[in-house]
Number of protein chains: 2
Amino acid sequence: MFSKACEYGIKASIFIAFNSYEGKRVSLKAIAKEINSPEAFTAKILQDLVKNDVINSVKGAYGGFEIEKLNISKIKLSKIVNALDGDAIYSGCGLGLHKCDENHPCPVHDKFKSIREELKSMLENTNLEELALDVKSGISFLKV
Amino acid sequence: MFSKACEYGIKASIFIAFNSYEGKRVSLKAIAKEINSPEAFTAKILQDLVKNDVINSVKGAYGGFEIEKLNISKIKLSKIVNALDGDAIYSGCGLGLHKCDENHPCPVHDKFKSIREELKSMLENTNLEELALDVKSGISFLKV
DNA sequence: TATAAATAGGATAATTTTATCCGAATAAAA
DNA sequence: TTTTATTCGGATAAAATTATCCTATTTATA
Ligand code: FES
Ligand code: FES
């Protein structure tokens with residue numbers, strides 16, 4: 001469904017989010033350990049997220065990654081997915097036609113329509129805050 | 001969403017299906033042309049589909065691919081997707097945890113649940129016949 | 001029986017995705 | 001000012017996916 005990069009990116013963002021709530025900045029090392037991802041690859045993904053204004057980075061000793069508290073509830077999953085995987089998953093044609101077009105639909109267009117719309121609206125209506133709170137309270141998990 | 005192999009496989013199966021309805025066997029060349037896919041790669045995919053009993057092949061002159069008429073309505077999209085991509089798309093964890101587990105859910109588990117179930121039931125309840133008939137009647141398209 | 005038209009399948013290549021390595025830049029603290 | 005802990009970014013490398021090529025095998029027909 002999502003690329004590995006996107007999976008790591010979502011998990012990393014959640015981990016950064018709930019630490020930022022407590023005013024804690026987290027390092028690449030801590031993130032990779034927490035979400036069980038390869039460190040160097042995760043670094044690249046975090047750089048992408050910084051460029052796309054999902055997270056902020058602070059260089060140097062005692063640096064790391066963080067998200068402005070006020071923004072945590074404003075960042076939607078769709079922003080992360082879009083930054084890392086683009087919008088093909090909910091905008092492109094499910095069978096790889098040049099584009100998804102009502103007037104020139106592929107055989108599964110109608111069947112997929114509602115699923116893709118549900119996916120899109122879920123991604124656009126889910127914010128980092130709710131996901132982070134669930135992890136913090138032990139309702140959901142980032143690894144294993 | 002699906003791999004290229006799976007996209008080609010679904011489209012090829014639909015094309016074979018509606019030709020089989022008319023008692024026509026189709027060649028690799030004809031399939032690749034009709035669904036706009038690379039011929040040799042498509043050949044590999046068709047071999048997989050033959051091994052998984054989705055389609056039948058006939059070697060030699062005047063050979064090609066076909067599906068038993070009586071089976072066309074029995075073959076579900078899920079069978080094709082499973083043969084080519086496995087079941088990760090609707091059974092695996094959306095964030096790549098080892099497995100999707102109610103008792104150890106990832107942060108998006110609940111959000112994804114209904115989408116993945118809808119996807120699964122759609123794939124399990126859509127058969128080749130309906131898809132093939134739509135293409136045949138010009139309601140949907142296999143390329144461009 | 002020879003020929004031609006197909007699929008089967010092994011080997012290989014190209015591309016994309018995933019992953020690693022290392023030096024440069026930055027900034028806090030000693 | 002030096003050391004240390006970081007992110008940044010370029011260059012590779014490894015693995016997976018996508019794609020191609022070539023030969024063997026099969027089978028209908030001339
Ligand atoms: S045309 Fe294929 S999903 Fe819309
Ligand atoms: S645990 Fe991740 S989708 Fe169920």
Side-chain angles (χ1 to χ4, degrees), chain A residues 1-13 15-16 19-20 24-33 35-67 81 83-86 88-89 92 95-96, chain B residues 1-13 15-16 19-20 24-33 35-67 81 83-86 88-89 92 95-96:
Chain A
M1 195 125 190
F2 298 129
S3 68
K4 276 289 165 196
C6 194
E7 288 178 6
Y8 297 149
I10 292 171
K11 290 191 271 193
S13 298
F15 180 63
I16 296 167
N19 275 281
S20 292
K24 287 185 207 156
R25 202 177 272 163
V26 284
S27 70
L28 165 64
K29 197 172 289 188
I31 295 168
K33 191 176 176 188
I35 71 175
N36 196 28
S37 66
E39 208 174 300
F41 186 40
T42 305
K44 300 297 186 194
I45 296 162
L46 293 174
Q47 279 178 41
D48 270 357
L49 292 177
V50 169
K51 275 179 205 144
N52 282 275
D53 296 311
V54 174
I55 61 180
N56 295 120
S57 70
V58 178
K59 289 187 203 175
Y62 287 71
F65 299 88
E66 62 192 13
I67 303 176
V81 173
L84 300 171
D85 279 357
I89 196 172
L95 290 189
Chain B
M1 194 126 193
F2 299 128
S3 68
K4 276 290 165 194
C6 195
E7 289 178 5
Y8 296 150
I10 291 171
K11 290 191 271 192
S13 298
F15 180 63
I16 296 167
N19 275 280
S20 292
K24 288 186 207 156
R25 202 177 272 161
V26 285
S27 69
L28 165 64
K29 197 172 289 186
I31 295 167
K33 190 177 177 188
I35 71 176
N36 197 27
S37 66
E39 209 174 300
F41 186 40
T42 306
K44 300 297 186 195
I45 296 162
L46 293 173
Q47 279 177 43
D48 270 356
L49 292 177
V50 168
K51 273 179 206 145
N52 283 276
D53 296 311
V54 174
I55 61 180
N56 296 120
S57 70
V58 179
K59 289 188 201 172
Y62 288 71
F65 299 89
E66 62 192 13
I67 303 176
V81 172
L84 300 171
D85 279 357
I89 196 172
L95 289 189

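Residue numbers begin at 1 in each chain, while the letters A, B, ... track the order of the sequences.
- Applying the ring pair (Phe, Tyr, Trp, His ring centres under 6.0 Å) test to B:F65 and every residue at least two apart in sequence or in another chain returns nothing.
- Rounded to a whole Å, the CG atom of B:L46 is 14 Å from the P atom of D:dA19.
- The distance between atom CD1 of B:I31 and atom C1' of C:dA5, rounded to the nearest whole Å, is 15 Å.
- In this structure, A:N56 atom CG and C:dT26 atom P are separated by 18 Å, rounded to whole Å.
- Residues that satisfy the side-chain contact (heavy atoms from CB on, under 4.5 Å) test with A:S3, not counting sequence neighbours, are A:A5, A:C6, A:D85.
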Side chain to side chain contact (heavy atoms under 4.5 Å, CB included) between A:L49 and A:I16, worked out:
CA-CA 12 Å; A:L49 292 177; A:I16 296 167; over 6 Å; no

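- By the side-chain contact (heavy atoms from CB on, under 4.5 Å) test, A:K59 is found to be paired with no residue, residues two or more places apart in sequence or in another chain being considered.
- How far NZ of A:K11 is from CD1 of A:I31: 13.0 Å, rounded to the nearest 0.5 Å.
- For B:S27 and C:dA5, the shortest distance from a side-chain N or O to OP1 or OP2 is not below 4.0 Å.
- Taking atom CD1 of residue A:I16 and atom P of nucleotide D:dT6, one finds them 15 Å apart after rounding to whole Å.
- Rounded to whole Å, the distance from CD1 on A:I45 to P on D:dT7 is 14 Å.
- Looking only at side-chain heavy atoms (C-beta outward), B:N19 and B:E66 stay at 4.5 Å or farther from each other.
- B:S13 contributes atom OG, which lies 14.5 Å from atom OH of B:Y8 (distance to the nearest 0.5 angstrom).
- Between A:Q47 and D:dT7 there is no side-chain polar atom (N or O) within less than 4.0 angstrom of OP1 or OP2.
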Starting at the 5' end of nucleotides 21-30 of chain D, put B wherever the base has a protein heavy atom under 4.0 Å, S where only the sugar-phosphate does, and a dash everywhere else.
B----BBS--

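- Within the structure, the side chain to side chain donor-acceptor pair (under 3.5 Å) test picks out no pair touching residues 46-56 of chain A (sequence neighbours left out).
- The distance between atom NZ of A:K33 and atom P of D:dT6, rounded to the nearest whole Å, is 13 Å.
- To the nearest angstrom, P of D:dT7 lies 15 Å from NZ of A:K51.
- Regarding A:L84, its CG atom lies at a distance of 14 Å from the P atom of C:dA19, rounded to whole Å.
- Taking CG of A:L46 as the reference point, atom CD1 of A:I55 lies at 4.5 Å (rounded to 0.5 Å).
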Each nucleotide N or O in nucleotides 13-18 of chain D that has a protein N or O under 3.5 Å away: list the pair and distance.
residue, atom, partner, partner atom, Å
D:dT18, OP1, B:K4, N, 3.0

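- Across all strands, A:L28 comes closer than 4.0 Å only to sugar-phosphate atoms, never to a base (heavy-atom distances).
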